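Order of the sequence lines fixes the chain letters, A, B, ..., with proteins taken first and strands second; residue numbering starts at 1 for each chain. Values below: all heavy atoms of this structure, side chains included; hydrogens, waters and symmetry mates excluded. Just so it is clear, the model here is predicted, and its values are computed rather than measured.
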There are 2 protein chains.
Amino acid sequence: MNATPKLGKVQLQIMQVLWARKRATARQITDELNRQKPTGAPPIAHSTVQTLLRKLEAKGAITHSIEERTFVFEPLQEKSEVETGAVGDLLTRLFDRSISGLVAHLVKHEKVSPEELRRLRQVVEQAEATAQASQDVKTSKEEAQ
Amino acid sequence: MNATPKLGKVQLQIMQVLWARKRATARQITDELNRQKPTGAPPIAHSTVQTLLRKLEAKGAITHSIEERTFVFEPLQEKSEVETGAVGDLLTRLFDRSISGLVAHLVKHEKVSPEELRRLRQVVEQAEATAQASQDVKTSKEEAQ
DNA sequence: CATAATTGTTTACCTTGGTAAAAGATAAGG
DNA sequence: CCTTATCTTTTACCAAGGTAAACAATTATG
């Protein structure tokens, strides 16, 4: 029942605040979210944030302790976990689990600047080099036997 | 009101069938979805599929015509559009709009085989070369003036 | 022709996310 | 002490996705 229970849009925004600050009160989160909102946009109500915090806690994404009679929330799930869940979902739903299919879409349909492309290539090259290195280790271990 | 209205999980499965077959009746879609389901999983009811087809049409994702007194559905939105919407959503919600951030997550946390990594690098290199080429064209045009 | 099968329509229910006011509890200020 | 401010809890709605039975219309079929 506990494999990254899928968070909504605002729930994720709350998690972002918690990931950034490690711990925060409901009030701090409300203020932060409203600070982020573009001017003119209707602010989120404090009670809304509290309701969502409850729901997040109910599904095990966060926890709280009490300090000076006030709830202090902390994330339980880490960002990379949630990312993996969301990315996995996207891969399954639209890209037939093909990672290169997803990246192909990215470079084809999202506008990627040349610098971003360069960064992208470096990320992939780095990963390839790392994979090669650990393969080498494995091979030399096998040879040593 | 019409910027890729976000489709649910089953709605996407229906769209996949339509994208693959170009056109299909509700019955064909139901059968296909149930064929795809792992054995033992409860089959989806035909009326469920029909309800979802209605909702999809209501939001402009598909349309239908009548042939031999039976509805034949066709996709209106194309796959790449929907992909762009879903990917954009993911980028906004979790990766601060950073494409290389997303790809970094992919190669770090999803298990990517060496072959897939190679394919990945080729995809990126290809895109880089293409970008370079169009940049060259633009440059030579400017020089020609 | 009567009945069974198919197709589309209507209606209903459940869940989750989001929104927020209202109510309750308690500490702080005047 | 009474009021105000600040929390938390309770309660209520709405929308969307998903699920599917029940109903109506129409076509096949024995």
Side-chain angles (χ1 to χ4, degrees), chain A residues 1-17 23-31 33-34 36-37 41-73 82 85-86 89 92-94, chain B residues 1-17 23-31 33-34 36-37 41-73 82 85-86 89 92-94:
Chain A
M1 156 220 321
N2 199 7
T4 334
K6 267 168 216 169
L7 312 177
K9 184 179 152 74
V10 184
Q11 290 180 346
L12 271 180
Q13 292 170 225
I14 291 175
M15 292 302 287
Q16 300 278 11
V17 175
R23 52 209 316 283
T25 66
R27 179 63 58 183
Q28 290 173 323
I29 294 171
T30 302
D31 292 347
L33 292 188
N34 284 325
Q36 285 171 13
K37 269 192 194 295
I44 194 169
H46 185 49
S47 59
T48 302
V49 173
Q50 273 168 323
T51 301
L52 291 180
L53 283 168
R54 237 139 244 267
K55 290 185 177 179
L56 282 170
E57 187 157 20
K59 63 176 120 175
I62 64 177
T63 186
H64 80 270
S65 51
I66 303 184
E67 270 172 43
E68 312 284 336
R69 289 165 291 279
T70 301
F71 283 15
V72 178
F73 296 90
V82 175
D89 229 56
T92 302
R93 289 187 185 192
L94 277 174
Chain B
M1 148 217 334
N2 201 8
T4 334
K6 265 169 220 171
L7 312 178
K9 183 177 151 77
V10 184
Q11 290 179 346
L12 271 179
Q13 292 171 224
I14 292 175
M15 291 302 288
Q16 300 279 11
V17 175
R23 51 208 317 282
T25 66
R27 177 63 56 184
Q28 290 173 321
I29 294 171
T30 301
D31 291 347
L33 292 188
N34 283 327
Q36 286 172 13
K37 270 193 195 292
I44 194 169
H46 185 50
S47 60
T48 300
V49 173
Q50 274 168 322
T51 301
L52 290 180
L53 283 168
R54 237 144 246 269
K55 290 185 176 179
L56 281 170
E57 185 156 21
K59 62 177 121 176
I62 64 177
T63 185
H64 79 272
S65 52
I66 303 183
E67 268 171 46
E68 312 283 337
R69 291 166 290 282
T70 301
F71 284 14
V72 179
F73 296 91
V82 174
D89 230 55
T92 302
R93 289 186 185 193
L94 277 175

* Integer-rounded Å distance: D:dA21 C1' and B:Leu52 CG -> 15 Å
* Structure fact -> Rounded to whole Å, the CG-P distance (B:Leu56 to D:dT19) equals 13 Å
* Does B:Thr30 use its side chain to pair, donor to acceptor, with the backbone of B:Ala26 at less than 3.5 Å? -> yes
* Asked: Would you say A:Gln13's side chain and A:Leu33's backbone share a donor-acceptor pair under 3.5 angstrom?
  -> no
* Taking A:Thr51 for the side chain and A:Ser47 for the main chain, is one N or O donor matched with an acceptor at less than 3.5 Å? -> yes
* Quick one: does A:Ser47 reach the base of C:dA22 with a side-chain donor-acceptor pair under 3.5 Å? -> no
* To do: Figure out the CZ/P separation between B:Arg27 and D:dA28, and round it to whole Å.
  => 15 Å
* Asked: Taking only N and O in the side chain of A:Gln11, is any of them less than 4.0 Å away from OP1 or OP2 of C:dG18?
  -> yes
* Rounded off to whole Å, could you give me the NZ-to-C1' distance for the B:Lys6 and C:dT16 pair? => 15 Å
* **Any donor-acceptor N/O pair under 3.5 Å between D:dG18 base and B:Lys55 side chain** => yes
* Out of D:dG17, C:dA20, D:dC7, whichever nucleotide has its closest atom nearest the side chain of A:Thr51 -> C:dA20
* Asked: Rounding to a whole Å, what distance do you find between B:Phe71:CZ and C:dT6:C1'?
  -> 14 Å
* To do: Whole angstrom is fine here: how far is it from NE2 in B:His64 over to P in C:dG8?
  => 8 Å
* Short side-chain N/O contact to C:dG18 OP1/OP2 from A:Thr48, under 4.0 Å -> no
* Residue whose closest nucleotide on DNA chain C lies nearer the 5' end, A:Lys9 versus B:Val72 -> B:Val72
* At under 4.0 Å, does any side-chain N or O of B:Lys59 touch on OP1 or OP2 of D:dA16? -> no
* Any donor-acceptor N/O pair, B:Gln11 side chain to B:Leu53 backbone, under 3.5 Å -> no
* Residue A:Ile44, side-chain heavy atoms: nucleotide from C:dA20, C:dG18, D:dT8 that is nearest -> C:dA20
* Asked: Expressed in angstrom and rounded to an integer, what is the separation of A:Lys37 atom NZ from C:dG18 atom C1'?
  -> 11 Å
* Verify the contact: side-chain N or O of B:Arg69 to OP1 or OP2 of C:dG8, cut-off strictly under 4.0 Å; return yes or no. => no
* For B:Gln50 and C:dT11, give me the distance from atom CD to atom P, rounded to whole Å. => 16 Å
* **Parallel, tilted or perpendicular: ring planes of A:Phe73 versus A:His64, cut at 30 and 60 degrees** => tilted
